[in-house]
Novice: 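Following this message is one structure expressed as structure tokens.
If you're wondering where the values come from, they're calculated on a predicted model, not measured in any experiment. Below, chains carry the letters A, B, ... as their sequence lines are ordered, and counting in each starts from 1.
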Amino acid sequence: MAYSQHQIIDRALRIATMTGGDPNLSSVIDNTVVLEDHFYTALRNAIIAGANVPTEVNGLKRDHTISVSNGVGTLPDSVVDECLDSSSIYSSTDSNVQQFSSFQPRYADYLRPVHGQLAYYAVQGQSFLYRGPNEEAGVFDGDIHLVAVSTPAIPATITDAITISTATAERTIQLLASILRGNG
Amino acid sequence: MSVPYHTIIRQAAVRISSIVGTTAAALDSAYLTSPLTSTQVSSTDFTLSMQKDAVVNVVGRIIRTYASVPNHPFRAYNISQTANIAHKGVIPSTNSASVPIVGVYGAVRDASTGQELTEQPIQIINTIVDDTDSFLKGEYYYFKQVSDRLWHTRTNVVMDVCTFSASNELTTIANNGNAPIPDACIDIAVAGLIAQYVIDDEYTAQANMYGNYFENCLSQMASGAVAFTPAPSLISSQTPVIS
């Protein structure tokens, strides 16, 4: 089933407004704009929650091509930083990238790898960092594919479908409703 | 069913003996003649023109009364829309046809789609209208009336309003038209009209009796009533057979 932002917001508003009382007396009945304000936060949190479910996590990953120059590229905004430990990288031209790479969450460890024969990648701010096996940091040039848990593209039109699973959509709806009722 | 003005006028005219005629047949003929002229309805105390002015005054009072009650069902008889009002625009004093607005404002609706707007604080409206980073993608239908201006989140809105114009009603009477009130108000209108017919000490007793009924009905109407007890003497009906 395809879900649009509009559908998700409408369902969350109904749940928040009509659950457990007279909707005419609800203090949140006219808060659609707040749901749109919270939408991205709720969607992101729903994805993070899904990333903790082994059967869901792979479905939440998306393939990003990062252009790396001197070992540094730009991390796409849609990548969920909190879930990078479940990410992987590969290159269509450099087999070392896929075979020997390991995510290094600590920047200091990335600079001083324990096992120099492995490739490492890390994130610092919005920078994606990569060093190949037996290679200094700040050397690598080329495209690297990062496969990581990510938020989907949000269409410019609120009624257009968003590419998310039913589980993510339902979780987003529940989170939005909870936020609106002050439980977020 | 509608309420013809001439029905109200002539039923009140019966109470002040202003149906012209010296025989029963002549009176009956004059009573049934439509449209009314001063040949059929007039007296030295109250000419037809005076009676027309009086009935417009009475109908105006009735309409202003229920128009002042939000969501009163009778408002449907007088409802129309203002011209387009832009964000922060001045609320007009007339509808789009330049007829004066009476009573409280009704729904505020999008001028294009007719979708109703709901009320939100002006600060929220400002953040939605500003939306400098174009974050918001939804369609928001919010408004706030501030004094005589309307803040809202649409390009243009219109307001549902009740209107009343005495000059328009006099034209309607001249065209043998209907009073813009519901059938349930015919007794009230006749009673209100009779209550206006007082010259010095003439007709005062019946004017008081009908006046009390009229004012009592308006009081009930102001509280939202839509049905009323019959007038003190039933010369009229809420389902008039005379038209």
Novice: Rounded to the nearest 0.5 Å, how far apart are CG of Asp160(A) and NZ of Lys137(B)?
Specialist: 10.0 Å
Novice: Verify the neighbour count for atom NE2 of His6(A): are there more than 12 heavy atoms of other residues, nucleotides or ligands below 6.0 Å?
Specialist: no
Novice: For the residue pair Tyr142(B) and Thr32(A), establish whether any side-chain heavy-atom pair is separated by less than 4.5 Å.
Specialist: yes
Novice: Sort Phe135(B) into side chain, backbone, both or neither according to what part of it lies under 4.5 angstrom from a heavy atom of chain A.
Specialist: both
Novice: Quick check on Ile154(A) against chain B: is it the side chain, the backbone, both or neither that has a heavy atom closer than 4.5 Å?
Specialist: side chain
Novice: Just wondering, more than 12 heavy atoms not from Asp85(A) lying within 6.0 Å of its CG?
Specialist: yes
Novice: Indicate the atoms forming the closest heavy-atom contact of Gln120(B) with Asp30(A), along with that distance.
Specialist: NE2-O, 2.7 Å
Novice: Give the member of Ile158(A), Thr157(A), Thr159(A), Val33(A) that has the highest number of heavy-atom pairs under 4.5 Å with chain B.
Specialist: Val33(A)
Novice: For Glu82(A), look at atom CD and say whether over 12 heavy atoms of other residues, nucleotides or ligands are found less than 6.0 Å away.
Specialist: yes
